[in-house]
J.: 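Next up is a structure, given as structure tokens.
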Amino acid sequence: MKQGKLIIFSAPSGAGKTTIVKHLLTKFPSLSFSISATTREQRGDEVHEKDYYFISKEAFLHKVAHQEFVEFEEVYNGTFYGTLRSEIQRIWDAGKHVIFDIDVEGGIRLKRKYEADALAIFVQPPSLEVLKERLTGRGTDSPEKLQERFTKAEKELEYAEKFDVILKNYDLEVACQEAEKLVADFIAS
Ligand code: 5GP
């Protein structure tokens, strides 16, 4: 496969997109996860070069200067995340389609760039309140970081209309099934 397709999952953090993306990866052997580069600290259960390429801010900015990113974002104040061109190429070279778990602005940027080759899915949580509960319950962030995530989530919910599809995640099992159908149809198209 010279160029595969791109399946983009975006949502405010806590909406459940990571769980849905992980589910899809178990269902579709032709999909491969786009490992982003980030300057965020590695969390306990995360694996370098599997969940993210954890790199220093200096290394990240060096890559920015050398145009190594297809898109990148200062997702949170001082914390950068980005998709490397080499990552997409690595996956296409392996004959697979790329699946992304990225923030809303990054998702919109990728969709604009790849147009019909990309399916951009916005995962919508039941409400901002539920989102806040999920983020708080995760227990991985400090109160300041949580507040930053809430503020960003509120803004991101307004971007849903810019995506090809809005996938409601009110019930995870239903959302996973719907996601499977969307992906199967898009891959076959
Ligand atoms: P987390 O710190 O929870 O892993 O991720 C924070 C946010 O950054 C999430 O919304 C995640 O999807 C997003 N993100 C992860 N990788 C990328 C990327 O390569 N580009 C952009 N724009 N956002 C990303």
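First listed ligand is number 1; within each ligand, the first listed atom is number 1.
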J.: Flag the pair I187 / S30 as yes when at least one side-chain heavy-atom distance between them is below 4.5 Å, and no otherwise.
T.: yes
J.: So which of F100, F80, Y81, Y53 gets nearest to atom 6 (C) of ligand 1, if we judge by its closest heavy atom?
T.: Y81
J.: May I ask you to identify the nearest protein heavy atom to atom 7 (C) of ligand 1, giving residue, atom name and distance to one decimal place in Å?
T.: V75 CG1, 3.9 Å
J.: Got a salt bridge between K17 and D101, using NZ or NE/NH1/NH2 to carboxylate O under 4.0 Å?
T.: yes
J.: Looking only at protein heavy atoms, identify the closest one to atom 3 (O) of ligand 1 and say how far it is in Å.
T.: R149 NH1, 3.1 Å
J.: Say whether E71 and T83, considering side chains only, have a donor N or O and an acceptor N or O under 3.5 Å apart.
T.: yes
J.: Within the structure, is a non-hydrogen atom of F72 found at a distance of less than 4.0 Å from ligand 1?
T.: no
J.: Examine ligand 1 and decide if any of its atoms is less than 4.0 Å from a heavy atom belonging to R109.
T.: no
J.: If you have a sec, work out which protein heavy atom is nearest atom 9 (C) of ligand 1 and how many Å separate them, to one decimal?
T.: K17 NZ, 3.7 Å
J.: Nearest heavy atom to atom 12 (O) of ligand 1: which of T83, T38, V21, D101 does it belong to?
T.: D101
J.: Under 3.5 Å, is there a donor on one side chain and an acceptor on the other for H23 and E180?
T.: yes
J.: Taking non-hydrogen atoms only, is R43 closer than 4.0 angstrom to ligand 1 via side chain, backbone, both or neither?
T.: side chain
J.: Are V98 and I35 connected in a single hydrophobic cluster, I mean Ile/Leu/Val/Met/Phe/Trp/Tyr linked by side-chain heavy atoms less than 4.5 Å apart?
T.: no
J.: If the threshold is 4.0 Å, N to carboxylate O, is there a salt bridge linking K152 and E156?
T.: yes
J.: What is the nearest protein non-hydrogen atom to atom 22 (N) of ligand 1, stated with its residue, atom name and distance?
T.: D103 OD1, 2.8 Å
J.: Check R90 with E87, please: is the shortest side-chain N to carboxylate O separation under 4.0 Å?
T.: yes
J.: What protein heavy atom lies closest to atom 19 (O) of ligand 1? Include the residue and the distance to one decimal.
T.: S36 OG, 2.7 Å
J.: Closest non-hydrogen protein atom to atom 20 (N) of ligand 1, residue and atom name please, with distance?
T.: E71 OE2, 2.7 Å
J.: How far is atom 4 (O) of ligand 1 from its nearest protein heavy atom, and which residue and atom is that?
T.: Y52 OH, 2.5 Å
J.: Applying the side-chain hydrogen bond (donor to acceptor under 3.5 Å, both in side chains) criterion to Y76, which one of E148, R149, R40 satisfies it?
T.: R149
